[in-house]
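Quick note: numbers below take in every heavy atom, side chains included, and nothing from hydrogens, waters or symmetry partners. Numbered from 1 within each chain, the chains take letters A, B, ... in sequence-line order.
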Number of protein chains: 2
Amino acid sequence: MSRYFRPNIASMAGYVPGEQPGDEKLAKLNTNENPYPPSPGVLAALREATNQSLRLYPEPLSDSLRNIAAEVYGVRLENILAGNGSDEILSIILRCFVGRGDRVAFPVPTYSLYDTLVKVQDGELVCVDYPADFAIPPELHSANAAVTFLCNPNSPSGTLVSLTEIERLARAVFGVLVVDEAYIDFAEDPGSSAICLIQSTPNLIVLRTFSKSFSLAGLRIGLAFAPAELIAGMMKVKDSYNLNHLSLVAATAALQDLSWMQQNVRRIQQTRRQLVDGLVKLGFYVYPSHANFVMAQRKGQEQKALYQALRERKIYVRYFDTPELRDSLRITVGTPEDVERLLQEIGAIQKDSVNPF
Amino acid sequence: MSRYFRPNIASMAGYVPGEQPGDEKLAKLNTNENPYPPSPGVLAALREATNQSLRLYPEPLSDSLRNIAAEVYGVRLENILAGNGSDEILSIILRCFVGRGDRVAFPVPTYSLYDTLVKVQDGELVCVDYPADFAIPPELHSANAAVTFLCNPNSPSGTLVSLTEIERLARAVFGVLVVDEAYIDFAEDPGSSAICLIQSTPNLIVLRTFSKSFSLAGLRIGLAFAPAELIAGMMKVKDSYNLNHLSLVAATAALQDLSWMQQNVRRIQQTRRQLVDGLVKLGFYVYPSHANFVMAQRKGQEQKALYQALRERKIYVRYFDTPELRDSLRITVGTPEDVERLLQEIGAIQKDSVNPF
């Protein structure tokens, strides 16, 4: 590595995203994309906006999107920041609240980008192991962190913690609490979101993305909900024109057709039941999932060979090669056909194998 | 400001972008947008890409764009990083090379975002005054900075420094030299770009944007060109999916129709001559411009009243309220009609005024 880099950058590994192969025949169950298309209203709005006005800069503060989001989520404009995916908002949060050596805490295993972002910012990682049931680990309350992350529902487990637990955590932590709700629309109880807590909780930031339930991973749109004072400071750090015009248009149109998203969510919840039932019959333990993926485990038995066998059969799932996750696979809830094919292939692979995986 | 923010964030002011009013009757000569639309090929490619595949994540490394950019600019894939506007690349550079208290140097006046980004990163600002002719100030060579910025052509002056001077500066500085070529396509000499120097200069990063010459400010696309070792490290810091799918498609299509861009550049260069001639006749000194804007000065005479009078007449230009720029206006080269209207209005305002501005 060139001598010009900061030591924390030179020594770190980058984040490794799930594979994005172009093969159409693939059952792509590895990166939690929605199997259903975005709303026709979104596509129509995009086509209409594809004109010569793209020569102009977009709205710097994404006000048209924030206005409708304020209405949909029952908050005020000043409580919202729009980002180039929630990934950008995560990086804004690190830059706002974490200096060199400041502590950032989160329970693990979870979304591995948190780890990468802490290293970029040269902060101090405090990783606290989740208990077996993926409840909030008590040590997280006293980790003395400038930022605490809670992915809820969590990835890769799909598990959900309650609003009561989140409130208690927010009151206990030293700095800000970031609840990353990328998957919350898929939760069984629609009242699971922590957005309703931001008015009463001065250190709470809730993140949403349009990549999952709204079927817009390709357009990189995220929202942060927080007390106005936190949003005002985060606005200073974001790039002036961080959201491009077409993503703005798409997100606005998506919020104008909530029922399309909700219908897709219901289909995915139904297919999730089919997937869980099938996996249980095949001998897996499946964590209770509130996301558009499930974590399937065979306690203590490495699942790498199954992951690779599925890959050869053009079914991609996510395998994390770490000590605590080697006995599990994270599987996106695709279409009913994808799930049927996956279950059949696992069954076939198990029969072919002398030792079942 | 909430107690949770880092002190450098709490105390800083955010970057203030130029106004983006929606009024159609406005002559918008304040933010250096291209008055001509993007290539029809770009719009066609965008419409074709507006389909259900937006549910999928985009290419993480923007390879399709980097491949064609490598061909167009005569470098290799490994020499290119694509960003969500060159603004994102600037912020990646700060996070890669600048820790708390590290020095960042640049000549002033220049693009004021550099200042903001250094404050976000808690670096130490070293601002060196440009001489009257906007040549590289000698003190910049010995500023001992981890990062040195050179906007070339510079904003707001529009002036250009030569490749020989850039090479000398790159060899002299302590850290990396970033040459921000947002406006270089508008230079009189097409051989002015420093991209040709990256193979022989281990500490050089050259930035380009699609917001100006390619008429795509709305889509936020920037490119960095640098030695492979620098690009590899910067890749670790960028968000995994930093460029959305439609921006990727648009940028790729724009590079496939270079002649469209070049034709618009020639029109703008021609209108620039008309604008300069008119301003000189009206009594301004105009700095030699290699950009799609000019800086018009009346030495020692504040131009705020003229800026406001033009605003009332629905002509927006950029006025920077700082001691060294109060006697100047930065004016974007619009269409010939915009420029004609601007010149007539300035003439009329001067006649109305007892003391000409």
(request) Could you look at B:K212 and say if it's the side chain, the backbone, both or neither that has a heavy atom under 4.5 Å from chain A? (result) side chain
(request) Answer yes or no for A:R267 and A:Y36: cation-pi contact, defined as NZ/CZ to six-membered ring centre under 6.0 Å and angle to ring axis within 45°. (result) yes
(request) Let me know if B:Q121 has heavy atoms under 4.5 Å from chain A in its side chain, its backbone, both or neither. (result) side chain
(request) Please determine, by modelled atom types, if B:T332 and B:E33 share a side-chain donor-acceptor pair under 3.5 angstrom. (result) no
(request) Would you mind checking which part of B:S247 comes under 4.5 Å of any heavy atom in chain A, side chain (CB onward), backbone (N, CA, C, O), both or neither? (result) side chain
(message) For the CZ atom on A:F174, are there more than 12 heavy atoms of other groups (residues, nucleotides or ligands in this structure) within a distance under 6.0 Å?
(response) no
(message) Looking at A:Q52, I'd like to know if its CD atom is crowded, meaning that more than 12 non-hydrogen atoms belonging to other residues, nucleotides or ligands lie closer than 6.0 Å.
(response) yes
(request) Any chance you could lay out the side chain to side chain donor-acceptor pair (under 3.5 Å) test for A:D87 and A:Y111, step after step, and finish with the verdict? (result) CA-CA 11 Å; A:D87 284 358; A:Y111 185 28; 2.8 Å; yes
(request) Can you tell which part of B:A10 gets under 4.5 Å to a heavy atom of chain A, answering side chain, backbone, both or neither? (result) backbone
(request) Give, as side chain, backbone, both or neither, the part of A:A250 having an atom under 4.5 angstrom from any heavy atom of chain B. (result) neither
(request) State whether A:F293 and A:R318 meet the cation-pi test: NZ (Lys) or CZ (Arg) under 6.0 Å from the six-membered ring centroid, and within 45° of the perpendicular axis. (result) no
(request) Give, as side chain, backbone, both or neither, the part of A:V98 having an atom under 4.5 angstrom from any heavy atom of chain B. (result) backbone
(request) Let me know if A:L90 has heavy atoms under 4.5 Å from chain B in its side chain, its backbone, both or neither. (result) neither
(message) Please classify the contact of B:A49 with chain A as side chain, backbone, both or neither, using a heavy-atom distance under 4.5 Å.
(response) neither
(request) Side chain from CB out, backbone as N, CA, C, O: work out which of these in B:D239 comes under 4.5 Å of a heavy atom of chain A, or both, or neither. (result) side chain
(message) With a 4.5 angstrom heavy-atom cut-off, is it the side chain or the backbone of A:R47 that approaches chain B, or both, or neither?
(response) both
(request) Please work out whether the ring planes of B:F210 and B:F214 are parallel, tilted or perpendicular, with thresholds of 30° and 60°. (result) parallel
(request) Against chain A, label B:N51 side chain, backbone, both or neither, depending on which of its atoms sit under 4.5 Å from a heavy atom there. (result) backbone
